[in-house]
Amino acid sequence: MLIRQTVLYLPAQLLGPLAQLAAIVLWTHWLDPNEFGLFTLALATQEAVYLLFLAFWSYFLLRFLPGADTATRERMDVIESWVFFANGALQAATLLVLLRYVAHEWPDATLLLTLFVFAFTRSYCTHLAERAKVANAIGVYTALQSVGPLGGLLIGWTWASSMSNGPAQIGPTQVLAAYAIAQTLSLAFAVPSLRLKLHLHRPDAALLRRICLYGLPLAVSGVLAWVPGNGIRFVVEHGMGIAAVGLFSVGWTLGQRACAFAAMLVTAAAFPIALRLEADGEKHRALEQLALNGALLCAILLPTAAGLILLADPLSRLAVSSPYVATTLSILPIATLAGLVKNLRSHFANQPFLLAQKTGWTLAIDALETGLFLVGAAIGLRTMGLAGAAWGAFAAVLIGALVSFVIAVRKLDMPVPLAHLLRIVLATAVMAATLSVLPPLSGWAALIGAVVLGGAVYAATLALCYRGHLGKLRGSLNPTS
């Protein structure tokens, strides 16, 4: 079931994140460090306002919509309507204040409107994608996850190419507008398909309390978790200015997004399976499913992170515009480690907390992690510059993940898939050893060849470790042989 669902969700997990990774590289050739810094701060701000004002509702629907009866769904529709209008007003106010802080002056109407439409449509693409996942509407989910990033990149490229002086004339406002247009198109397709109904009746007080008790701790937890991953840009801006944000954000974003991309290849279909088992009263099997999900996550994340760290030098020199290369070389490996640990915690260690509805526990751990980050990033930035800020963020994320795993195993009885993990670590180590002995790589052909070689070595080693399981699988697929 897990493999089948993962394959069905695969296009959505590939197209959007790949477009986002490509965009980070391409925008370095189109935007100078100041402009790129503004663009990445806008992305970070959007994620913050989503977590503040909409994520609590997304979390609640993902957890409880599958088992809701008709009457409960109608009450949820009423709350959905109020959330929609309140979210718009709160996002607009927050963006206005943040723009005033970053620019040190009140923004003009064009910039504010562009950023608001970008943030609002991106937030609702994320939110409605969760609803589509619950409804098993894979086509709608794919559109919401893919059209915005892919369409925004294509519209931005077309916009830049149509200007008389070429791509260098495009600025962050035009880039954000391109994504806003694409996201609006994806919403225009998705909303009718999901049959959303706006009912501005009086919301059900009991349901509202239930939503707050479950969703708000998760939303606050998400904001706290956002700080080490995205808030670090504001720390850098405060300490070194907007151009430093642009230089820092290339390596940081590539490392974080590459790990998130790898994780999402296998996580979209995983947690709903455990939820269905838990709803059927099979809690032990649900926890075993979470452990299996975690092993599958590690099988994708570990080789991805190892390969990216080992190939960071040739990748940075080939892909990134020259003003960004030196900083990217120092930041990308640290960002990859931080992205690896962050995704292991989010999609592995945190899952038993959600299953057991222990959202207050995740909130406490995220508060610890955020406090450590603020101290570590500030000290690192002062003593070691941009790389020090990245190491401070990594240390905070690592401690938060260790605490989460200990509690998940000891308090929430999540099994540890030790046999699977040992095989995965061994295969990753063999792949890393192979890449380490390669001569210096020059040119895209050599880099692509190294990626193919590393992937082949990893797959072959893992297949050898699982040779007994593969034989059973072949037998089940061909019982007459």
Side-chain angles (χ1 to χ4, degrees), residues 1 4-20 46-47 49-50 53-88 91 116-155 178-201 203 207 211 215 264-273 275-276 279:
M1 183 188 297
R4 178 180 179 275
Q5 288 293 96
T6 299
V7 170
L8 290 174
Y9 280 100
L10 195 58
Q13 309 311 115
L14 284 172
L15 295 175
L18 279 176
Q20 290 174 337
Q46 181 277 320
E47 293 184 15
V49 295
Y50 166 75
F53 305 129
L54 191 55
F56 74 96
W57 181 233
S58 301
Y59 293 140
F60 184 84
L61 290 179
L62 179 62
R63 178 65 180 85
F64 295 105
L65 188 60
D69 56 27
T70 302
T72 302
R73 285 177 179 250
E74 289 178 355
R75 293 196 294 272
M76 289 180 176
D77 286 340
V78 173
I79 294 176
E80 178 86 75
S81 305
W82 284 106
V83 167
F84 176 83
F85 290 106
N87 186 61
Q91 282 202 24
F116 171 73
V117 176
F118 165 78
F120 189 78
T121 55
R122 194 167 189 241
S123 294
Y124 263 88
C125 283
T126 303
H127 169 64
L128 295 181
E130 296 297 332
R131 287 202 63 147
K133 189 192 301 184
V134 170
N136 204 31
I138 297 173
V140 176
Y141 178 83
T142 302
L144 289 167
Q145 292 285 84
S146 306
V147 172
L150 188 59
L153 182 59
L154 293 175
I155 294 171
Y179 283 101
I181 293 168
Q183 290 156 190
T184 301
L185 292 174
S186 68
L187 289 173
F189 166 76
V191 170
S193 302
L194 292 175
R195 298 181 177 86
L196 298 178
K197 301 175 182 178
L198 293 179
H199 297 295
L200 289 177
H201 306 310
L207 181 59
I211 292 168
M264 290 302 290
L265 288 174
V266 296
T267 55
F271 188 58
I273 295 174
L275 282 179
R276 287 194 286 271

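Quick note: numbers below take in every heavy atom, side chains included, and nothing from hydrogens, waters or symmetry partners.
- Residues Tyr179 and Leu153 are in side-chain contact: their nearest non-hydrogen atoms beyond the backbone lie under 4.5 Å apart.
- If you look at Phe84 and Phe120, their ring centroids are closer than 6.0 Å.
- A distance-only check finds a donor-acceptor pair linking the side chain of Thr121 to the backbone of Phe118 [under 3.5 Å].
- Nearest heavy-atom pair across Gly151 and Ala182 is C-CB, 3.6 Å.
- Nearest heavy-atom pair across Ala132 and Val140 is CB-CG1, 4.0 Å.
- Looking at residues two or more places apart in sequence or on another chain, you find a side chain to side chain donor-acceptor pair (under 3.5 Å) between Tyr50 and Ser58.
- With rounding to the nearest 0.5 angstrom, the CG atom of Leu128 is 11.0 Å from the CD atom of Gln145.
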Before you tell me yes or no, could you show the steps for Leu144 and Thr126 under side chain to side chain contact (heavy atoms under 4.5 Å, CB included), namely the whole-Å CA-CA distance, both residues' side-chain angles and the distance that decides it to 0.1 Å? CA-CA 7 Å; Leu144 289 167; Thr126 303; over 6 Å; no
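- With values rounded to the nearest 0.5 angstrom, Leu14 atom CG is found 12.0 Å from Leu150 atom CG.
- Between Val49 and Leu54 there is no side-chain heavy-atom pair separated by less than 4.5 Å.
- Glu47 has its side chain within reach of Arg122: a pair of non-hydrogen atoms, C-beta onward, lies under 4.5 Å apart.
- In terms of heavy atoms, Ala143 sits closest to Ser186 at O-CB, 3.8 Å.
- Here the shortest heavy-atom pairing between Gly148 and Gln183 reads CA-CG, 3.9 Å.
- The heavy-atom pair separating Gly139 from Phe189 by the smallest distance is O-CE2, 4.3 Å.
- Taking each heavy atom of Gln46 and Ala119 in turn, the nearest pair found is CG-CA, 3.5 Å.
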